[in-house]
Amino acid sequence: QVQLVESGGGLVQAGGSLRLSCAASGRTFSSRAMGWFRQAPGKEREFVTAISWGGGYTYYADSVKGRFTISRDNAKNTVHLQMNNLKPEDTAVYYCALSGGCSGYGCYDYTRYDYWGPGTQVTVSS
């Protein structure tokens with residue numbers, strides 16, 4: 001069984017930064033791609049970013065390219081999301097997820113992820 005727990009959310013002004021972390025338990029962490037998704041009120045869950053199991057490949061939604069950076073530390077079973085130049089439209093609950101196996105554009109699909117954290121709220125004020 002794998003458990004994921006996000007942290008680092010909060011309230012920030014537009015243009016500010018936040019760093020989200022996701023701590024994972026379980027042996028399969030290092031062999032799976034990890035992703036971040038978000039869901040705003042009244043909207044569907046959307047892909048934000050993903051990283052391959054070794055960290056060599058990263059994928060970003062167009063809306064966050066150049067502003068967000070995903071990274072992972074397999075030795076510590078953690079994945080991070082550095083968010084810079086935040087905008088009010090980034091306001092959402094952010095979820096980290098562990099894939100059941102994906103690569104490339106497959107990692108954009110939330111159905112490819114087996115385990116999810118409870119989420120952390122990010123609110124960006126204008």
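What you are looking at is a predicted structure, and each value in this text was computed from that prediction instead of being measured. Positions are given from 1, in the same order as the sequence printed here.
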Can you tell me if CH2 on Trp116 sees more than 12 non-hydrogen neighbours from other groups inside 6.0 Å? yes
May I ask you to test the Trp36-Ile51 pair for a side-chain heavy-atom distance under 4.5 Å? no
Around atom OH of Tyr110, are there more than 12 heavy atoms from other residues, nucleotides or ligands closer than 6.0 Å? no
Can you get from Val93 to Leu86 by hopping between Ile, Leu, Val, Met, Phe, Trp and Tyr side chains that sit under 4.5 Å apart? no
Using every non-hydrogen atom in the two residues, find where Val48 and Val64 come nearest and quote the distance to one decimal. O-CG2, 3.6 Å
Parallel, tilted or perpendicular: which describes the rings of Tyr59 and Tyr57, with under 30° parallel and over 60° perpendicular? parallel
Would you call Arg112 and Cys107 a side-chain contact if the rule is heavy atoms closer than 4.5 Å? no
Is it the case that over 12 heavy atoms from other parts of the model lie below 6.0 angstrom from the CD atom of Gln3? no
Check for a donor-acceptor pair, side chain of Arg67 on one end and backbone N or O of Asn85 on the other, with a separation under 3.5 Å. yes
Closest heavy-atom contact between Ala14 and Ser126? CB-CA, 4.3 Å
So that I can tick it off, tell me whether Lys65 and Asp62 are bridged by a salt bridge, with the cut-off set at under 4.0 angstrom between side-chain N and carboxylate O. yes
Could you tell me whether a side-chain N or O of Asn74 sits under 3.5 Å from a main-chain N or O of Trp53, the two making a donor and an acceptor? yes
Any link between Tyr95 and Leu18 through a network of hydrophobic side chains (Ile, Leu, Val, Met, Phe, Trp, Tyr) touching at under 4.5 Å? no
Checking ring pair (Phe, Tyr, Trp, His ring centres under 6.0 Å) for the pair Tyr113/Phe37: CA distance, chi angles, key distance, verdict? CA-CA 11 Å; Tyr113 293 80; Phe37 290 75; 5.0 Å; yes
Any chance you could measure Arg19, atom CZ, to Met83, atom CE, to the nearest 0.5 Å? 11.5 Å
With a 4.5 Å limit on heavy-atom distance, are the side chains of Thr91 and Arg38 in contact? no
Measuring from Ser25:OG to Tyr115:OH, what's the distance to the nearest 0.5 Å? 10.0 Å
Would Asp109 and Phe47 satisfy side-chain contact (heavy atoms from CB on, under 4.5 Å), going step by step from the backbone distance to the final call? CA-CA 7 Å; Asp109 181 357; Phe47 171 80; over 6 Å; no
Could you give the distance from CG (Asp73) to NE2 (His80), rounded to the nearest 0.5 Å? 6.0 Å
Is a side-chain donor or acceptor of Glu6 paired with a backbone partner of Cys96 at a separation under 3.5 angstrom? yes
Mind checking whether Ser21 and Thr78 have side chains closer than 4.5 Å, heavy atoms only? no
Pick out which of Asp90, Thr58, Leu20 makes a side-chain contact (heavy atoms from CB on, under 4.5 Å) with Phe68. Asp90
Would you compute the distance between atom CZ of Arg72 and atom OG of Ser52 and round it to the nearest 0.5 angstrom? 7.0 Å
Without swapping roles, check the side chain of Ser99 against the backbone of Met34 for a donor-acceptor pair under 3.5 Å. no
